[in-house]
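As a basis for the values below, the full set of heavy atoms in this structure was taken, side chains included, without hydrogen atoms, waters or symmetry mates. For ligands, and for the atoms within them, numbers begin at 1 and follow the listed sequence. In this text the structure is predicted, and so the values were computed from the model without any measurement.
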Amino acid sequence: MAALQRVKKAVIPAAGLGTRFLPATKAIPKEMLPIVDIPTIQLVIDEAVRAGITDVVIINGRGKHAIEDHFDHAYELERTLRDRGNSELADAMQRVSTMVRLISVRQKAPLGLGHAVLCAREAIGDEPFAVLLGDDLVDNDPDPGIGQLARVHAETGAGAVMIMEVPPGKEHMYGIVAGDLDAATGRMRIRDMVEKPKAGTAPSRWAIVGRYVLPPTIWGHLADTKPGAGGEIQLTDALHQLVGSAAGLYGVVVQGVRHDAGDKLGYLRANLAYALKRPELRAAVLELCRELVAAES
Ligand code: G1P
């Protein structure tokens with residue numbers, strides 16, 4: 001087998017309307033909502049960069065200019081910060097604009113996650129690539145989640161998706177996979193999968209959560225995928241085609257803390273968890289939590 005290519009490119013679908021966070025997302029893309037003071041999409045791109053990814057294709061829709069602007073060079077802002085003697089913050093702003101090469105592609109109709117990823121086909125080309133969903137944050141400083149999946153792909157040539165066991169009754173919110181989990185490696189060779197199964201029909205409680213490393217053979221499967229759950233072209237249905245192919249598909253129990261920042265409570269939890277990691281905020285945040293709890297009791 002020819003040596004497998006390293007994963008250098010990633011797709012981040014960001015064309016959604018963000019209805020769960022209205023009115024905050026009426027004029028601001030949900031990807032720009034901050035976790036403490038960093039937009040969620042910057043945290044996601046940071047994870048990709050730490051895993052060696054150099055190029056990011058953002059799939060966006062109308063009203064998403066703020067994302068491109070955020071990763072652009074803000075000359076006037078940096079100049080003003082430097083003139084005021086705040087070169088540390090100016091350097092930080094400059095780093096944001098040089099994190100990755102960013103390509104922005106429009107998804108012209110909301111036809112589903114599979115369709116959104118397919119919009120990146122020309123920009124990615126014939127090489128393995130990562131997909132990161134902005135609603136899921138995977139916090140693991142030394143070993144970024146998407147890098148853990150890239151290693152599985154590099155070793156096996158298979159596609160790899162992050163999985164976690166969800167509480168009973170939550171299966172209908174996810175793509176659910178089935179297979180035998182090897183507890184020692186945290187890997188599951190996937191046998192079956194279904195997008196958002198109806199209550200009582202899920203083949204397991206192992207859900208796909210927001211991180212994928214896919215071989216380029218997925219493009220053909222995506223192009224052939226017909227609308228599925230919710231009338232949308234589903235990424236899960238294209239992945240199902242990989243399961244039956246020679247390459248195959250692994251589910252990987254990724255090491256790290258996952259936050260569902262697409263859910264109000266998950267978003268608040270992520271904010272608190274990331275604030276607690278900041279030495280300059282930690283003590284004050286703990287004190288604030290104690291104060292709020294005491295006021296309730
Ligand atoms: C998407 C995928 C689903 C996956 C989920 C993970 O669903 O379609 O398979 O389990 O992300 O967060 P969405 O949450 O966009 O409806």
Can you name the closest pair of heavy atoms from Ala261 and Leu137 and give their distance?
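So the two residues come closest at CB-CD1, 4.0 Å.
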Ring centres under 6.0 angstrom apart (Phe129, Tyr212):
no
Taking the six-membered ring for Trp, are Tyr274 and His259 ring centroids under 6.0 Å apart?
yes
Answer yes if the side chains of His73 and Gln94 hold a donor-acceptor pair under 3.5 Å, and no otherwise.
no
Looking only at side-chain N and O atoms, does Glu68 offer a donor or acceptor that is under 3.5 Å from a partner on Asn60?
yes
Candidates Arg50, Arg151, Gln255 - the one meeting side-chain hydrogen bond (donor to acceptor under 3.5 Å, both in side chains) with Asp143
Arg151
Around ligand 1, what residues show up once you keep those with a heavy atom under 4.0 Å from it?
Leu113, Leu133, Asp136, Tyr174, Gly175, Glu195, Lys196, Ile208, Val209, Gly210, Gln234, Thr236
